[in-house]
Amino acid sequence: MKFSKAYEPNQYEPDIYALWEKSGAFHPTTDKNAKFYSIVMPPPNANGNLHIGHGLTIALEDILTRYHRLKGENTWYIPGADHAGFETWVVYERYLESKGKTRFDYSRDELYDQVWEFVHQQRGNMELQLRSLGASCDWDSLTFTLDPKVVERVYATFQKMWNDGLIYRGKKLVNYCTKHQTAFADIEVTHKEEQGTLWRIAYPLVEPTAELKELVVSTTRPETLFGDTAVAVNPADERYKTIIGKNVKLPLTDREIPIIADEHADMSYGTGVVKITPAHDPNDFEVGQRHELAQITVIGFDGRMTAEAGDDYAGLTTAECRKKALADLEKQGLMRGEESITHSVGHCYKCDTVIEPLLKEQWFVNLQPLAKRAIKTLEANEIRFHPANKKKVLINYLKNIRDWNISRQIPWGIPIPAFVNAEDSTDWIFDTRVDETEITVNGKKYLRDNDTFDTWFSSGQWPYITTDAHPEFYPSSVMETGADLLFQWVGRMIMLGLYITDDIPFKDVYLHGMVLDEKGQKMSKSKGNVINPIELVSEYGSDALRLGLIASRSAGVNQAFSTSKVIASRNLCNKLWNISRLIQQLVDDNPTEETKPELKNYGENWICHQINQASREVQKLLDRYRFAEAGDLLYDLIWNKYADWFLESQKLWKNIPLLKSTLEQILTLLHPFAPFVTETIWQTLSWTTGMLITARWPRAYKVDSQRVADFEDLIAIVTNIRSHFQALPGANSYPILFHDDDLVSDNQLLIQHLTKAPCVPQVEQSKVDGLRLAIPNHHNIYLQIPADIHAKYKASLEERILKLGQEITTLEARLANPNYLEKAPTALVEESRLSLHAKQKLLADMKAELELI
RNA sequence: GGGCGGUUAGCUCAGUUGGCUAGAGCGCGUCUUUGACGUAGACGAGGUCAGAGGUUCAAAUCCUCUACCGCCCACCA
């Protein structure tokens, strides 16, 4: 007897995981006759700790992996670790700051080496945490996003794009965080609705006319005025027609700038005049291109005003400059009012600094052709989405896709393999000798681009890079990741996958929603409401966390974390443990020959039917990614069916071979969801061999369906009796009598056992006395209760007669409807008829009963 | 401005070709030391499925509108 009274996960989990790992069960098989099933894990940050979202990710992916492994498929769950370029860099820069250093104290190569070292010290934590979550992934295949094979593929892709003309170097406005000193892709900028001020500033005409002395522009960013190179009016705007082409004086400077006509100016907005600052506003940049305006950069990459802003302002921060400029304008009498407005402002998603649109030369990818192909593929339904509507959302995004800035000004990442001619800044060449800061090609000196790739440029290629050792696993079976990464990651993997491999990168996409805190708030370090999955594992067990996380959660929906669901799941594990404990006891006490299980009585047929059905349902549900429903179903099977009815009845019969067999099946069915407790039990039971992780999904039992239906009746009878015992005043149990009922006759002992009734004798019909039970198909069962108590039962009987009457009326009305008879499926109509007859018979019995009282 | 969702029991949520009496967990009430489990067992209460209209033999489910809540995208000076 090795089963303790309660299941204590901590005591077993590490050993069980080690056992799996050592056995080689995580390695992929390559049996040509079996299906191939693969999941590429979204690589967690190598440098970080796992958060609760990873708990969900691993739960979902590992359930699928283990399920398919049990089904005998070639299964490969590929783990990864992400260098997480910017994320990690932010952490490291903070560390530098704490040491009183900055990035400018070191060369790029020095910094790269330092971060490598830093990450290396941290790495391993994350992997241990994945183990404690039970991820059955193939550790030998772990890919780090800076592994040479990744870098090679990324370079090959970059070169292919370069050759195909999809990559270009352009000086454009990029989203720049002046604190982190790097550019971002558009998608990485967080937009927030903010209160701002719209100032109206007068720009005096150089040649004032009688009716017009100045143009009043509206702006939320007066500090950019120093970079204005025009003011624009709408070409159709009658107010300004005559002055187009004339000049205005740019306040606070001695420059004059032209008045141009451009559709961008909205006649109905403010005065209809807009200042044009091509170097600091995306719209104005476009206008500037159309009109060949100069681009004057007045804000530097450090967030301070440049010399172009003039001696009085150079060196000020943008905020200081705004204040001073407004004051100076006021002094000069050029302010024409202000109003408060709400507008959307871009922020750095890490430090919340306002993102500056700044002119910078960067590498861009023209995504149009890739997006076009992706849209075609999606519209042809070649990739299935869960939830399905996310496909539409992605298509909508791809239709409006813009060029992707892939340059990052941070040292931690894959260096961009490009060099520029020292003599000619337009002469760029592709070369992978990124370890050298300068190279010589054809006698010319070329200097290295010091930028690195956007992390997503490499992660976007993850599926085919990670599966290259076993190409038969590509495309992967499903990409499971957070719904928030739909554009950033999933969309790019599809585009790049199609581009590079000419194939989809995965067949299905499953997107999970965010795990919110218990109050439904987004978790964040600053709010202090972060839930640590590893702490939950140590408190409740890994299985409980997994089951608790998937409970009541559906694809794509953000949902609060619920401790009570984790506790309920822990209780299920304990229940299963005790089920096993009881069965092991029975096995120990009743030594039998090892024989095939035979189904003898009603309950045995019934439970085997329930297991068959659950097995079928779970397969159906998992094939459709309905994790929560599958979990619920197994909870119900194990607790409400197996333990409460089957095991209770087996205390009488003790069909040892069947107890063993059914327990094995149940353990197998639950294994994908709760791998630790099921394997622990498997390893503890005296008769099981091998490991559950590599067992096979159970085969269906052959059952007698009449017996199954009969046992359902028995359940109804027992429940009805228990209900009476509870509801009737007086003693809490009474003898049960019956006549002419084979089912009850066959199961007298069982009914007695389950109801705790003193006895269940068969009697002559004439001698029957007592309360008659109202059970469909079983009208001859009675409770022998004293007359006075019987009388008290009258009221409840009348109530039920009334209710039954209503049900009968509804059914009669339905069956009297010719349209129903004609149009509803015949099986349904037949069912209604049967139901009506049963109820009518029952009603008659109950009425007779009432007369007797 | 464009797009996508949500509103079901006290709480958190399931409910995907429309079809028996709308489910679960937690919570709540009553009872129970029955050969594993009190992290338990038994029984029970609790819902006009946001509102209005429509389609249908039949609507929580499909359509329209309304109200409230949310998310994403967008270059709103």
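Hydrogens, waters and symmetry mates play no part in the numbers below; they use all other heavy atoms, side chains included. So that the names make sense, note that chain A is the first sequence line, chain B the second, and so on, each numbered from 1. Values in this document were obtained by computation on a predicted structure and should not be read as measured data.
Pairs of residues two or more places apart, or lying in two chains, that qualify as side-chain hydrogen bond (donor to acceptor under 3.5 Å, both in side chains) and include a residue from residues 536-546 of chain A are D62(A)-R546(A).
Listed for the Q840(A) side chain is no donor-acceptor partner under 3.5 Å among the backbone atoms of I808(A).
The cationic group of K172(A) lies under 6.0 Å from the six-membered ring centre of F364(A) and within 45° of the ring axis, placing it in a cation-pi geometry.
Taking atom CD1 of I355(A) as the reference point, atom P of C75(B) lies 13 Å away to the nearest angstrom. For K392(A) and G5(B), the NZ to C1' distance is 11 Å, given to the nearest whole Å. As a whole-Å value, the separation of I638(A) CD1 from G25(B) C1' is 15 Å.
Judged by distance alone, the side chains of S832(A) and Y820(A) do bring a donor and an acceptor atom under 3.5 Å apart. Between the side chains of T229(A) and Q295(A), no donor-acceptor pair of N or O atoms lies under 3.5 Å.
Taking the side chain of K565(A) as heavy atoms from C-beta on, and the options U12(B), U34(B), A77(B), the nearest nucleotide is U12(B). Taking every side-chain heavy atom of H191(A) into account, C75(B) is the closest of C20(B), A77(B), C75(B).
Using a 4.0 Å heavy-atom distance criterion, Y269(A) is classed as a base contact. Residue contacts for K5(A): at a heavy-atom cut-off of 4.0 Å it reaches the sugar-phosphate backbone alone, with no base atom in range. Using a 4.0 Å heavy-atom cutoff across all strands shown, S835(A) reaches no nucleic acid atom at all.
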Report the secondary structure of RNA chain B in dot-bracket form, marking unpaired bases with a dot and bases paired to a different strand with |, and treating Watson-Crick or G-U pairs with both distances under 3.5 Å as paired. (((((((..((((.....[...)))).(((((.......))))).....(((((..]....))))))))))))....
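With salt bridges taken as basic N to acidic carboxylate O contacts below 4.0 Å, none links R814(A) and E831(A).
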